[in-house]
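To start, the structure itself, in structure tokens.
Lettering of chains follows the sequences in order, A, B, ..., and the numbering in each one begins at 1.
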Amino acid sequence: MFLLSLKEFRTYTADFVGRLLYFPVEFGFFYLLFSVVYSGQTFIAGFSFNMIILYSFTSVILMDVLPFRMALEVEDDVVDGDLIYWLSKPVDYQPFVFSYHFAKFLFKLSLGLLTYVIAASLFLADFSMFRLGLFTASALLSFVFVCLFCYIIGLLAFWVGRNYWLRNLLSVAILILGGGLIPLSWFPKGVDTILQILPFQFTVYLPASIASGATVYSLATTFFVMAVWIATLFILSIWLWKRGKDKFESAGG
Amino acid sequence: MAAKEPFEESWFRNILRNLKIYLTMQKMRVLVQSEKKLMIIGTVVNMVITFAVYAGFWIVVLSQAANSSLFGSLGKWGLGETIVLLSFAEMAFALDNLTFYGLYSLDSYTTEYGLEYELVKPIDPIFSIMGKESEPLEGVVGLSLSFLMFVGAVMAYHLNVGVINFLSGAFALILGNILMGMVTISLSSASLFVGKLESLNSLLSAFYTEFIRAPLDVFPSLFRIFCYVFPLIFVATIPAMLALGMLSCEQTLLTFVAEALLIVFWNRVSYVSWKRALKRYTPTGG
């Protein structure tokens with residue numbers, strides 16, 4: 001039994017090491033790229049070199065901890081008909097899915113925050129507990145926003161079936177429109193204004209900007225707009241769920 | 001000298017027979033996939049949007065890097081050149097879909113299920129898995145679209161691209177694809193020694209999605225050397241540079257010699273690692 005258990009652990013060791021390597025590889029790309037872009041320049045669109053490195057660092061963390069997989073899981077439940085299993089349980093589907101991902105998110109975020117504190121103390125001159133608290137709050141709101149967005153995309157499977165392209169569209173939108181690759185303030189004037197009206201900025205740009213020490217205009221207004229978007233998406237998700245459930249057949253949506 | 005077994009094939013005949021079965025499998029995959037019209041539309045939409053996103057990313061990065069003291073090296077990658085690079089990267093993805101894409105899940109066959117089914121077939125297991133898991137239709141659609149993007153960039157930015165230049169770029173692209181295929185086989189074979197390697201495949205895909213879209217020749221020299229040995233630079237950067245005529249005759253020759261040597265090296269590594277891995281395989285899982 002001992003040897004079997006050891007073999008089972010060994011089976012996933014390399015996989016675990018590979019997972020650990022993913023983060024430095026992803027972050028390393030941005031580090032190399034920005035070191036080329038920043039040579040001879042101190043500030044670009046409100047970001048110093050240290051700030052942009054911290055921005056990339058946190059955006060890689062956020063892209064990893066946010067529950068983008070939820071869209072696929074909800075879609076699977078709808079298309080494969082597994083939803084019937086969850087409907088027979090004495091718990092609503094939405095809270096169940098959210099709480100399942102929230103536990104995973106909290107665990108990953110705590111690890112992320114730990115690495116963030118180390119990175120921030122190295123790269124950020126005015127790192128404070130207040131900034132850490134603000135970053136945590138914005139990351140939590142970002143989680144709720146992404147959850148609702150992914151849930152809605154997953155629910156669309158009731159009408160369109162498998163929607164790989166829609167899921168991919170979301171991840172691509174978050175990469176560029178949400179500031180997953182570069183801060184929105186780097187975009188030309190006019191384009192950045194449009195991007196800051198769209199809700200995608202709440203996913204990565206807002207938390208990563210706060211974490212990197214960049215100036216975020218009127219934080220209270222930003223959080224208020226985010227809350228309005230969350231409320232709207234929540235209402236939409238309930239409406240879609242009610243409509244979709246009526247369409248659902250246990251042999252598959 | 002040991003006598004040949006009566007059923008033993010020559011190396012060349014073996015490859016030909018495997019390719020023939022592999023192509024038949026690909027034809028069947030195309031037939032199955034062509035029934036999913038929505039998927040094809042989705043592929044096109046996806047590709048166009050992904051292309052636009054990365055083009056947007058590089059437009060912004062290049063505009064912000066204009067004052068960089070390293071802009072001399074970054075500067076040769078103007079917007080038009082970068083879009084050509086992106087179209088070559090998309091061609092590489094499409095080529096990968098057509099060929100080695102299936103090998104990313106090789107570790108599932110070795111650790112979870114199914115390699116024994118592949119071993120009893122009259123086709124080499126590597127070819128069989130490639131044939132079963134590849135996405136030929138997405139590959140063909142992707143290749144056509146990325147070629148259109150390339151032509152569009154050349155016309156819109158009045159780039160000086162000759163037919164010979166393009167052909168040498170396309171040839172380098174195919175060699176780069178073969179090289180990465182060999183690297184994938186070598187890494188996936190390791191699953192029989194160390195177990196599940198799903199995350200390592202994610203790493204490879206991160207390399208693909210992030211690194212090959214970047215002009216790798218502008219990065220620090222140590223990293224560039226890594227990109228030559230672990231042949232990322234041959235996937236899109238070198239083919240795009242050849243197509244754009246950025247390399248002199250001597251550099252082109254040297255590049256192809258280096259690529260040939262790397263193919264010999266990685267071919268040996270992939271062959272040895274796969275053969276050794278197969279010896280360790282038991283049908284109950286690696």
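In this structure, the portion of A/Leu175 lying under 4.5 Å from any heavy atom of chain B is its side chain and not its backbone. Looking at B/Phe211, both its backbone and its side chain come within 4.5 Å of chain A, counting heavy atoms on both sides.
Across all their heavy atoms, A/Gln41 and B/Gln64 have their closest contact at NE2-O, 3.0 Å. Counting all heavy atoms, side chain and backbone alike, B/Gly56 lies closest to A/Ile176 at C-CD1, 4.4 Å.
In this view, B/Arg276 satisfies the salt bridge (charged side-chain N to carboxylate O under 4.0 Å, His left out) rule with no residue, not counting sequence neighbours. Residues passing the salt bridge (charged side-chain N to carboxylate O under 4.0 Å, His left out) test with A/Asp192, sequence neighbours excluded: A/Lys189.
A side chain to side chain contact (heavy atoms under 4.5 Å, CB included) with B/Val60 holds for exactly one of A/Ile182, A/Val191, A/Leu184; it is A/Ile182.
Atom CZ of B/Phe57 sits about 9.0 Å away from atom CZ of A/Phe187, to the nearest 0.5 Å. Summarising the geometry, atom CZ belonging to A/Phe29 is positioned 8.0 Å from atom CG belonging to B/Leu216; distances are rounded to the nearest 0.5 Å.
Around the CZ atom of A/Phe107, the shell of radius 6.0 Å holds no more than 12 heavy atoms that belong to other residues, nucleotides or ligands.
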